[in-house]
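Data first, discussion second: the structure below is written as structure tokens.
Residues take their numbers from the sequence shown, with the count starting at 1.
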Amino acid sequence: MDDVEITDVDDENTPYQVHRGPLKNQDLSSVSLTVGELLSQYGWHLLVVSVLVYLLIQHLMKRFRQREQHAEPQTHQDVASVVRNQEAMEAARRRMQEELDAKAAAFREKQKQTSEEAGPSTTVLKPKTDKKPLRGSDYNPLTGEGGGSCSYRPGRRGPSSGG
């Protein structure tokens, strides 16, 4: 505000007119000072950190390239091991299927013998159960019938008959 001059237009003896110089952006000048101060105080630190980051990136890229080069021979070995595993699984599946077929054939043979002994009448084999049913076939828990242990019945709805 040192560049301001105030002059009065009506009175030529007293200077009240305002003359301003070129405008300056004070915010940018302070930022440039701050960046300059930052570089002057921490410049060496920033340089060292930048070099270390660069070296770290180079090292990681080198390891990545080495992995890519070593990955090709491993894929050939992996393909062979995958084929071996698939063949082993297929053989195991065949063995299991053969066992299942043998059991099914034995069961069919047993069914034929049972049907020949029973004669021309058709019978259905049921598994033996020594347990008695807990409730009768007509039991319905929603009706409250069928011998349930709870005999509670809610009262009638509507107004009371008192008076």
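When each of Arg65, Met61, His59 is paired with Arg63, the side chain to side chain contact (heavy atoms under 4.5 Å, CB included) condition holds for His59 and for no other. The residue from Leu46, Val51, Leu52 that alone fulfils the side chain to side chain contact (heavy atoms under 4.5 Å, CB included) condition with Val48 is Leu52.
Rounded to the nearest 0.5 angstrom, Gln113 CD and Lys110 NZ are separated by 9.0 Å. A distance of 14.5 Å separates CG of Leu100 from CZ of Arg93, quoted to the nearest 0.5 Å. Expressed to the nearest 0.5 Å, how far NZ of Lys112 lies from CD of Glu116 amounts to 8.5 Å. The CZ atom of Arg108 sits 14.0 Å away from the NZ atom of Lys103 when rounded to the nearest 0.5 Å. Asn85 CG to Glu90 CD: the interatomic distance, rounded to the nearest 0.5 Å, is 13.0 Å.
Under 4.0 Å is where a charged nitrogen must lie from a carboxylate oxygen, and between Arg84 and Glu87 no such pair does.
Residues Gln97 and Asp101 form a side-chain contact, since some pair of their non-hydrogen atoms from C-beta on lies under 4.5 Å apart.
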